[in-house]
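Here the structure is laid out as structure tokens; the discussion comes afterwards.
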Amino acid sequence: MPTLLLACVLAATPDAGAPPTKAVMQGALEALVGLEPMVAHPERLRDPLQADDITRRLDVLAELKHAFPADAKAQEPATAALSGLFSHYALETRRRFVFGERETIAARVRTLMSLCFTCHSRERVDDDFRDMEKRLESAKLAPLDKAQFLAATRQFDKALEQYAVVIAPPANDERARLLQTRAIKDTLTLLVRVKDDAKATDVFLEGLSRRADLTPFLQRSVQAWRKDVAAWRKENVDAAKATPRALFTLAKALVAKASGPRTFLPDETHEVAYLRASAYLNLALGKDPTLKERGEALFLLGVSAGALKSPLLWDVDLLFFEACVRENPKTPLAQKCFAQFSDRLTFGFTGSAGTHLPDDELARLSALRALAE
């Protein structure tokens, strides 16, 4: 994210004289790459000879948030939010591993890589990583895992090629359909949010529209996405050259058109609009972290994250709304962000047995309410 997971700059050891942030991120990548074989061979998680190494690597990942500036307003906000989420998730993964809860560790390592993907697919940047092929070969990853690894390390063209391998064959069972859908949505993310390429997105979706093997749900989404891409192509926007204010204004219009503030659930039909909006907001705040509209941008980032959320990344939207409240206390904007935070947090802990908020979440809610009101 401009680089949350720069977490992934290759060298296993930092260059002499490298800035502290880069050195920490290089170490984080080395730690995560070392855990990837555990995904391919989960039995290693039960090997006592591997325990110290796994714990050490999880410790390194949990420290990632300390590589970023203490002043959240000095940086593009998604970096602070996602680095905090990544660190918290790695710490909880470590706790589960130490206490012998090994069943979920492989899945949680996949989630950490998904967070890398989320971060690194947010902005158009140069390739940061070199000599990855040997690491990929030794990890022996499944095709989708390999694609996400390439994307997380900003090898976007190679990632798109690998995603195409996953998407190409007909999906003949439920697992294949799930993997195919994930690969399609990741490809859409790269084409829209990273490449900012309306034409290539249109070509990709046009090909999907001719596929009879896609699920009916995905077929409907593809048709909706194509309409948004057609409108996008007519805009002829050059995001790289646009001013932060212009990017913010465009993103706000995209979110408004998608009617995001009225929903708490992911909205597949407006995925293109939300991907564009989040990209423009990240880019605007990357160019000018002190943008006058920063608070409103945090609100819109929360709305977009909620609409795009994956079950693995369920609370990213809450982090943006929380940052909005903390950066703008005792204001109407803080109250608007708190209302979204409160409603979504309550919704997330509501099921057939009613609403049950853990004590730590109740304390978090109380603290934010005091700041907002």
Side-chain angles (χ1 to χ4, degrees), residues 1-2 4 72-73 75-82 84-85 118-119 121-124 188-189 192-194 196 228 231-232 235 237 239-240 242-310 313-329 331-345 347-348 368 371-372:
M1 323 215 124
L4 166 62
K73 292 184 178 181
Q75 60 186 311
E76 179 271 315
T79 300
L82 286 162
L85 176 62
T118 300
C119 284
S121 66
R122 285 178 28 242
E123 195 169 349
R124 293 159 289 285
L188 185 69
T189 296
V192 177
R193 194 154 60 183
V194 176
D196 193 29
D228 279 350
W232 177 18
E235 292 174 13
V237 175
T243 65
R245 180 70 55 80
L247 291 168
F248 168 81
T249 301
L250 179 54
K252 184 175 182 180
L254 287 167
V255 173
K257 183 178 180 181
S259 302
R262 293 200 294 270
T263 182
F264 302 130
L265 297 174
D267 187 346
E268 307 283 352
T269 59
H270 293 292
E271 189 132 342
V272 170
Y274 286 120
L275 285 169
R276 292 182 65 202
S278 62
Y280 296 154
L281 291 165
N282 289 323
L283 185 56
L285 293 172
K287 290 183 176 184
D288 182 7
T290 62
L291 184 70
K292 180 182 177 182
E293 294 85 0
R294 178 184 171 94
E296 184 71 13
L298 286 169
F299 173 80
L300 295 173
L301 279 167
V303 169
S304 298
L308 294 168
K309 70 169 62 174
S310 153
L313 308 176
W314 62 274
D315 61 353
V316 173
D317 53 338
L318 297 183
L319 294 174
F320 287 124
F321 292 124
E322 181 174 1
C324 171
V325 173
R326 293 188 182 281
E327 291 187 16
N328 304 276
T331 64
L333 176 60
Q335 293 166 19
K336 181 169 73 168
C337 288
F338 176 76
Q340 288 286 332
F341 179 93
S342 176
D343 288 347
R344 290 165 188 258
L345 182 67
F347 180 82
L368 290 178
L371 285 173

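Below, each value reflects all heavy atoms present in this structure, side chains not excepted, and no hydrogens, waters or symmetry copies.
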Inset, instruction - Please name the residue in the list Leu250, Leu247, Leu300 that meets the side chain to side chain contact (heavy atoms under 4.5 Å, CB included) test with Leu281. - result: Leu300

Legend entry - Candidates Val303, Leu298, Leu368, Leu301 - the one meeting side chain to side chain contact (heavy atoms under 4.5 Å, CB included) with Phe321: Val303

Inset, instruction - Measure across Leu285 and Ala297 and return the closest heavy-atom pair with its distance rounded to 0.1 Å. - result: CD1-CB, 3.8 Å

Legend entry - Spatial distance of atom CG (Asp288) from atom CZ (Arg294) [nearest 0.5 Å]: 9.5 Å

Inset, instruction - Calculate, to the nearest 0.5 Å, the distance between atoms CH2 and CZ belonging to Trp232 and Arg276 respectively. - result: 6.0 Å

Legend entry - Point-to-point distance, once rounded to the nearest 0.5 Å, from CD of Glu322 to CD of Glu327: 11.0 Å

Inset, instruction - Please report the closest heavy-atom contact between Ala277 and Ser304, naming both atoms and the distance. - result: CB-OG, 4.0 Å

Inset, instruction - Please report the closest heavy-atom contact between Lys287 and Ala240, naming both atoms and the distance. - result: NZ-O, 2.9 Å

Legend entry - Closest heavy-atom pair and its distance - Cys324, Leu333: SG-CG, 3.8 Å

Inset, instruction - Locate the shortest heavy-atom distance separating Asp228 from Thr269; write the atom from each residue and the value. - result: OD2-O, 4.1 Å

Inset, instruction - Could I get the full list of side chain to side chain contact (heavy atoms under 4.5 Å, CB included) partners for Glu293, not counting sequence neighbours? - result: Arg245, Phe248, Leu291

Legend entry - Separation of Leu345 CG from Asp317 CG (nearest 0.5 Å): 10.0 Å

Legend entry - Working for side-chain contact (heavy atoms from CB on, under 4.5 Å), residues Thr249 and Tyr280: CA-CA 9 Å; Thr249 301; Tyr280 296 154; over 6 Å; no

Inset, instruction - Would you name the heavy atoms of Val272 and Val192 that are closest together and state the gap between them? - result: O-CG1, 4.0 Å

Inset, instruction - Specify whether Phe338 and Phe341 have parallel, tilted or perpendicular ring planes, treating 30° as the upper limit for parallel and 60° as the lower limit for perpendicular. - result: parallel

